[in-house]
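Written out below as structure tokens is the structure these notes cover.
Within every chain, numbering begins at 1; the chains are lettered A, B, ... in the order of the sequence lines, protein sequences first and strands thereafter.
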Amino acid sequence: MHQTKAFNYSVPYYAWLLLFVIAPVILLLFESFMDVHGNFTLNNYQTYFSSGTYIRMTFNSVFFAFMVTVITLAISYPMALIMSRLKHAQFWLMLVILPTWVNLLLKAYAFIGLFAKQGTLNEFLTFVGIGPQQIMFTDGAFMAVAAYVQIPFMIMPIFNSLVEIDQSLVNAARDLGASSAQTLRKVIIPLSMNGVRTGVQAVFIPTLSLFMITRLIGGNRVITLGTAIEEHFLVTQNWGMGSTIGIILIIAMAITMYLTRDRKQGGK
Amino acid sequence: MKKLINLTLGISLAVALLLGFSWGMNRLENHQVKSDNAPNQKETLTIYNWGDYIDPAILKSFQKETGYRVNYETFDSNEAMYTKIKQGGTHYDVAIPSEYMVEKMRQDNLLMPLDHDKLSGLQHYNPAFLNEPFDPNNKYSVPYFWGTLGIVYNDKYVKPGSITSWNDLWQAQYRKQIMLIDSARDIMGMTLASSGQSVNTKNEAELAAAQGKLSSLMPNVKAIVADEIKTYMAQDEAALAVDYSGDAAEMMQQNKHLHYVVPEDGGNLWFDNMVIPKTVQNKKAAYAFINYMSRPEVAAQNAEYVGYATPNQDAMKLLPKSITQDKAWYPDQAVLDRLETYQNLGPDWTQRYNDYFLEFKMTNQ
């Protein structure tokens, strides 16, 4: 009885997996071996690995995704730590999550208003005497906006893992004479590594293929693999090449997941 | 748990209310059209057009006069429209693709040939805009609007009259001052035109040379953007932009310092055209619409609303002189003669153009 029930409930889940995960990936793999005329070919992969353009693009994507992850982590960890100790922690967490309810495009457009030549930020810089700067279409602007967009996805898992830490462990560390810096380094950080790993995955992987922000804020001066995929599917209609890049991104994601996996320690 | 159920019920109720409301509104609208008591009151006409590309008042008066109920849908790229029509399952009676897409759809048998006996307005059109290479004898299409690719400049930063050729963009004084539209065909095309070559070239050496020349423009390029280019230019973000005449018209309405120039060394002349796709359900209504849009007074009203140039020469006579004598929108014949329409290059060459453009985007400054 119990068995059949479990089976029934899992049907939608497997159907979902089959329809929206496995089937698309197989289609993508299939398409990646097709040229523009629909013939079987290995050329797409050959083009990818022999062309300087795509290799540099891959390097760009990984570099920017890495930078954005580092920036978000540097901001999110202290923030999550402080939030987890505040009285109304759930309320503060809510404030962090709130911006994710707003559409990504709207947020990007808001940043145009802030960063533009006559935007708020430049008005402020002029006011304090520095004078207007070129902010839009720079690598810095792109990383700032990408980090802003991704921060909630970093804070949430870190916050959750920090809240789950048994407070008595922290108290014990202090009782046994550890300074607060030592407690942080030896107790809190190791115990919250799970959250950090999840956060890094949740930020690094989507950032690899961000494309709207590269155009809106980066003015296409920042080119990532996402830009190339968009172009291949929408403009040149070369689905084969677009799929090839997609497959390479999936492999990159798998590698990221593997590197940041939860390593089980022996004997425990 | 109870809270959750209440919430779900609340949302469902709100959705049901809204659905009912929109159904009621629809019925009301239908009723209004029907009450005109036209002969074909149940027939609908489905139009597939670019966003914000028709005066809504024209649709209303068309419904009133003919009794057809208009179902109006919009797209934002030729490719998106092509995919939707090709996949079928849609019921578009009239679509408005650009010229190279007319050629492609024609080759893929997605268009119905037009019966010229049923077209009543062709004589109003300027013969210079008929019988174009993408559709000889207008067998499949009737021009809707036309325009050019050109340079928009801001007179706060650029001396009026100093921009006459595409090559002016390469001047060192415009460092980091230029915005380009994110379109491989247009940017490669303007570079080819700047060297006096055809925008439809299938010559590998010419293309490679164009890519080299384009890369040397990179120090002057501030950004390569799509529709946002209008907002940026209106906000004085850059001094110059390479963009279509229609976009230029929109920017200039918002910023009086902007001006549009069609470079004298040639470039692209584009057309958007009314066609009857294979998905047609109501041919009679489709012809009625095309004929209605061909009427000089309707075409003039539409041109004034949309701000693009009309191919309808009788409509031009009805437009204010300030519009029709503006060289930016209606260039001299000498300039027009040097402009080319895009031809469908086929997948391989389209790919070459895009590869070169992608390479250009990757150029380090």
Picking from B/Ile229, B/Asp348, B/Val225, B/Leu180, which has the most non-hydrogen pairs under 4.5 angstrom with chain A?
B/Asp348
Name the region of A/Asp35, side chain, backbone, both or neither, that has any atom closer than 4.5 Å to a heavy atom of chain B.
neither
Per-residue contact mode, B/Ala226 against chain A (heavy atom under 4.5 angstrom):
both
Answer yes or no on whether A/Lys87 is positioned over the face of A/Trp92, meaning its NZ or CZ is under 6.0 Å from the six-membered ring centre and within 45° of the axis.
no
Applying a strict 4.5 Å limit to non-hydrogen atoms, the region of B/Tyr232 in contact with chain A is side chain
Cationic tip of B/Lys84 within the cone over B/Phe75's six-membered ring, i.e. under 6.0 Å and within 45° of the normal?
no
At a heavy-atom distance under 4.5 Å, which candidate from A/Met136, A/Glu231, A/His232 has the highest pair count against chain B?
A/Glu231
Between B/His257 and B/Asn154: side-chain donor-acceptor atoms closer than 3.5 Å
no
Residue A/Leu216 versus chain B: region with a heavy atom under 4.5 Å:
both
Does any part of the side chain of B/Asn220, heavy atoms only, come nearer than 4.5 Å to the side chain of B/Lys176, both counted from C-beta?
no
Let me confirm one number: the CD1-OH distance from B/Ile96 to B/Tyr53, rounded to the nearest 0.5 Å.
8.0 Å
side-chain hydrogen bond (donor to acceptor under 3.5 Å, both in side chains) between B/Tyr82 and B/Ser77, worked out:
CA-CA 9 Å; B/Tyr82 173 84; B/Ser77 81; over 6 Å; no
With a 3.5 Å cut-off and no angle check, do the side chains of B/Trp170 and B/Ser216 form a donor-acceptor pair?
yes
Which bit of B/Thr231 is near chain A, if near means a heavy-atom gap under 4.5 Å: side chain, backbone, both or neither?
neither
Do the side-chain N and O atoms of B/Gln107 and B/Asn344 include a donor-acceptor pair separated by under 3.5 angstrom?
yes
Structural part of B/Asp236 lying under 4.5 Å from a heavy atom of chain A
both
Neighbours of chain B found in residues 114-131 of chain A - heavy atoms under 4.5 Å
A/Ala116, A/Lys117, A/Gln118
Would you say B/Ser98 and B/Tyr342 are linked by a side-chain donor-acceptor pair, where the criterion is simply a distance under 3.5 Å?
no
Given that the side chain runs from C-beta out, which part of A/Met57 has a heavy atom under 4.5 Å from chain B: side chain, backbone, both or neither?
both
Distance-only donor-acceptor check, side chains B/Tyr244 and B/Asp186, under 3.5 Å:
yes
